[in-house]
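To start, the structure itself, in structure tokens.
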Amino acid sequence: MSNRTFTMLKPDAVSNNYIGPILAKINEAGFRIVAMKYTRLSQEQAGNFYAVHKERPFYKDLVSYMSSGPIVAAILEKNNAVEDFRTLIGATDPSKAAPGTIRNLFAKSIEANAVHGSDSDENASIEGGFFFSQLERF
Ligand code: CMP
């Protein structure tokens, strides 16, 4: 069990003006923001970030989508962060996300599903390192 996870607020969350409401949910659930960046991924960066999905049929569309507009990347801290954050955001497909979860409240489709959350401690560390150096974490 680790106390940190990584999240991205995706282009749909940003363009729908959901940065504030989603960060409020994250804080209310007891997560502390350790690092945060408003930025935009190139196609190449999005492809590298999601390289684990390279063989999946949705990979190409996912890469175009994730580079289509600004995102917010953040490292979050809380006991049992990875698992608790995945509970907070709900299922990948918003139509299957439990009521009150971030994807249930703010997402419209499986691709434009508002937020990303790391699926393991190892990936949380890799994904956080993709966006932030040690010096940028507080
Ligand atoms: P995320 O948690 O960021 O991890 C991979 C992303 O691929 C996922 O959220 C979705 O946004 C996207 N995706 C698109 N289609 C699918 C699919 N059929 N199954 C799983 N993930 C998908």
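Because the structure is predicted, anything quoted here is derived from the model rather than measured. Both ligands and their constituent atoms are indexed starting at 1 by order of listing.
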Stacked cation flag K78 on F31, 6.0 angstrom / 45 deg: yes

Between K10 and N113: side-chain donor-acceptor atoms closer than 3.5 Å: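 Judged by distance alone, the side chains do pair up.
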
D12 side chain to Y65 side chain, donor-acceptor N/O pair below 3.5 angstrom: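 Yes, a side-chain donor-acceptor pair sits under 3.5 Å.
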
First-shell residues of ligand 1 [heavy atom, distance under 4.0 Å]: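 The 4.0 Å shell around ligand 1 contains K10, Y50, H53, F58, L62, T92, R103, I110, E111, N113, H116.
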
Of R4, R86, E127, the residue whose pairing with S118 passes side-chain hydrogen bond (donor to acceptor under 3.5 Å, both in side chains):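 For S118, the side-chain hydrogen bond (donor to acceptor under 3.5 Å, both in side chains) check succeeds only for E127.
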
Neighbour count >12 (heavy atoms, 6.0 Å) for atom CD, E136: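 More than 12 heavy atoms, drawn from other residues, nucleotides or ligands, come within 6.0 Å of this atom.
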
Atom pair CZ/CD1 of R40 and I71 - distance to nearest 0.5 Å: 11.0 Å

